[in-house]
Amino acid sequence: MRYRLRVPDSALPRLPDAGIDAVIGWFARSARSLPWREDDATPWGILVSEIMLQQTPVVRVLPRWRQWMAQWPTPADLAEAPTAEVLRAWDRLGYPRRALRLQECARAIVREHAGRVPGTQEELRALPGIGEYTAAAVAAFAFGRRAAVADTNIRRVLVRTIAGEQRPAPSYTARERAMTQATLPDETERSVLWNQAVMELGALVCTARSPQCGLCPVRAHCAWDRAGRPEAPADAPRRTQRFEGTDRQMRGRIMAALRSADQVPVPLLLALDPEDPARVRRCLGTLLADGLAMRDGDLVHLPR
DNA sequence: AAGTCGGGGCG
DNA sequence: CGCCCAGACTT
């Protein structure tokens with residue numbers, strides 16, 4: 001892929017500067033006010049918000065984030081908290097392993113970075129629960145650095161405006177990386193504004209289901225709109241009922257039971273699905289393996 | 001590259 | 001009832 005480096009910048013697929021200006025201007029007028037975007041937000045608060053927002057909508061994160069930051073305002077606070085309390089505070093945000101990793105992340109920050117969130121993508125990427133997207137987002141939004149941020153919103157906007165397609169591929173492809181890199185403004189301050197602005201555009205206007213193209217600041221530059229907004233070919237239909245999905249549901253039910261009591265007898269958990277106690281056992285086994293539950297004889301409880 | 005991992009709301 | 005949501009991690 002080294003040959004790509006010889007391609008002149010002007011040939012790379014990118015949104016024109018006029019489009020970038022339009023999106024940034026729209027953001028200045030239309031951005032939601034979110035607490036982790038306020039001036040008083042700390043890098044740790046921004047990091048916490050990014051973890052909570054992984055696969056979880058903003059409206060559901062808001063109340064949890066406020067409570068969380070009031071209870072554990074610094075990495076050191078979360079590092080010292082009882083894990084059971086952490087999991088209860090996570091409540092029903094989903095994917096509770098994120099809560100476990102967030103506490104591990106806090107402990108790593110205390111241990112390896114003297115309690116302060118590191119600012120480079122490389123250091124961030126090395127922390128538990130922080131992947132490519134979150135490392136770039138924290139570097140950009142918490143530290144004002146130039147980073148190629150590519151969440152589901154940004155990917156959708158770029159694929160539509162530049163490639164003229166309705167939705168991005170399931171995985172973040174090399175072609176999409178090229179679009180993200182080529183469009184990212186060279187100047188640092190402008191790159192940070194662009195990342196925030198295009199993400200917000202994807203969340204509010206260029207949405208997955210019913211995009212509000214009539215309100216879109218880059219409609220004039222949008223290849224998808226120009227092409228008549230063609231629909232992507234439908235995915236292959238689900239072969240059977242999603243049976244694995246029910247395992248996730250059962251894990252959620254077990255976690256809910258554990259959050260509601262100090263300890264729960266195994267027979268009580270098995271009663272969660274009288275039709276299929278083997279499934280409950282299997283799910284309990286994966287929760288124990290994940291460190292989300294502990295077993296003490298016949299009693300199950302959250303990790304203390 | 002594909003599977004797994006929650007939970008809720010919307011079309 | 002299927003899809004979507006500021007993804008990460010394992011295999």
Side-chain angles (χ1 to χ4, degrees), chain A residues 27 31-32 34-37 41 45-65 87 90-102 104-105 124-142 147-157 166-174 176 180 195-204 206-211 231-232 234-259 282-283 285-287 289-293:
Chain A
F27 181 71
R32 295 168 291 183
L34 298 173
W36 46 84
R37 289 203 298 225
I46 292 170
L47 190 158
V48 170
S49 79
E50 292 297 345
I51 301 295
M52 289 185 172
L53 286 164
Q54 290 168 0
Q55 299 291 283
T56 306
V58 167
V59 285
R60 204 139 34 105
V61 165
L62 273 171
R64 292 287 125 241
W65 185 87
L87 289 170
W90 193 259
D91 198 41
R92 297 181 181 181
L93 277 182
Y95 296 142
R97 290 186 299 190
R98 286 185 296 169
L100 234 42
R101 293 199 195 104
L102 182 54
E104 293 167 8
C105 179
L124 289 162
R125 184 67 182 76
L127 294 170
I130 298 192
E132 179 180 7
Y133 159 75
T134 304
V138 172
F141 303 147
V149 183
D151 75 323
T152 185
N153 291 307
I154 294 178
R155 292 177 56 206
R156 185 173 54 250
V157 173
Q166 183 186 29
R167 55 167 185 253
S171 62
Y172 187 40
T173 60
E176 285 186 39
T180 308
N195 281 326
Q196 290 209 316
V198 66
M199 190 178 307
E200 190 79 339
L201 186 71
L204 297 185
C206 192
T207 52
R209 260 176 286 189
S210 37
E231 291 191 15
D235 295 331
R238 297 258 92 95
R239 177 153 304 199
T240 59
Q241 289 276 20
R242 296 277 307 169
F243 208 65
E244 291 79 14
T246 54
D247 265 8
R248 282 197 276 191
Q249 185 180 32
M250 177 54 64
R251 283 169 55 105
R253 287 185 191 163
I254 295 173
M255 288 301 293
L258 297 180
R259 284 195 303 269
R282 183 173 67 246
C283 289
T286 65
L287 289 173
D290 285 344
L292 285 165

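A, B, ... follow the sequence lines: proteins, then strands. Residue 1 opens every chain.
Side-chain proximity of A/Arg248 to C/dC5, C/dC9, B/dC5: nearest is B/dC5. When each of C/dA6, B/dG7, C/dA8 is scored by its nearest atom to the side-chain atoms of A/Glu50, the top-ranked nucleotide is C/dA6. Each of C/dA8, C/dA6, B/dC5 was ranked by its minimum atom distance to the side chain of A/Gln54; first place goes to C/dA8. When distances are taken from the side chain of A/Arg101 to each of B/dG7, C/dA6, C/dC9, the shortest belongs to C/dC9. When each of C/dA6, C/dC5, B/dG8 is scored by its nearest atom to the side-chain atoms of A/Arg156, the top-ranked nucleotide is C/dC5. Distances were taken from every side-chain heavy atom of A/Arg209 (C-beta onward) to each of B/dC5, C/dA8, B/dG11; the shortest belongs to B/dG11.
Taking 4.0 angstrom as the limit, A/Gln55 places a side-chain polar atom (N or O) nearer than this to OP1 or OP2 of C/dG7. Contact between the side-chain N/O atoms of A/Thr134 and the OP1/OP2 oxygens of C/dG7 is not found at any separation under 4.0 Å. Contact check, A/Ser210 against B/dG11: no side-chain N or O comes under 4.0 Å of OP1 or OP2.
If you check distances only, the side chain of A/Thr56 does reach the base of B/dG6 with a donor-acceptor pair under 3.5 Å. Side-chain atoms of A/Arg60 come within donor-acceptor range of the base of B/dG7, with a qualifying N/O pair under 3.5 Å.
Between A/Trp90 and A/Arg98 the shortest side-chain heavy-atom distance falls below 4.5 Å.
Backbone-only engagement by A/Ala208 is indicated by non-hydrogen atom pairs under 4.0 Å involving sugar-phosphate atoms exclusively.
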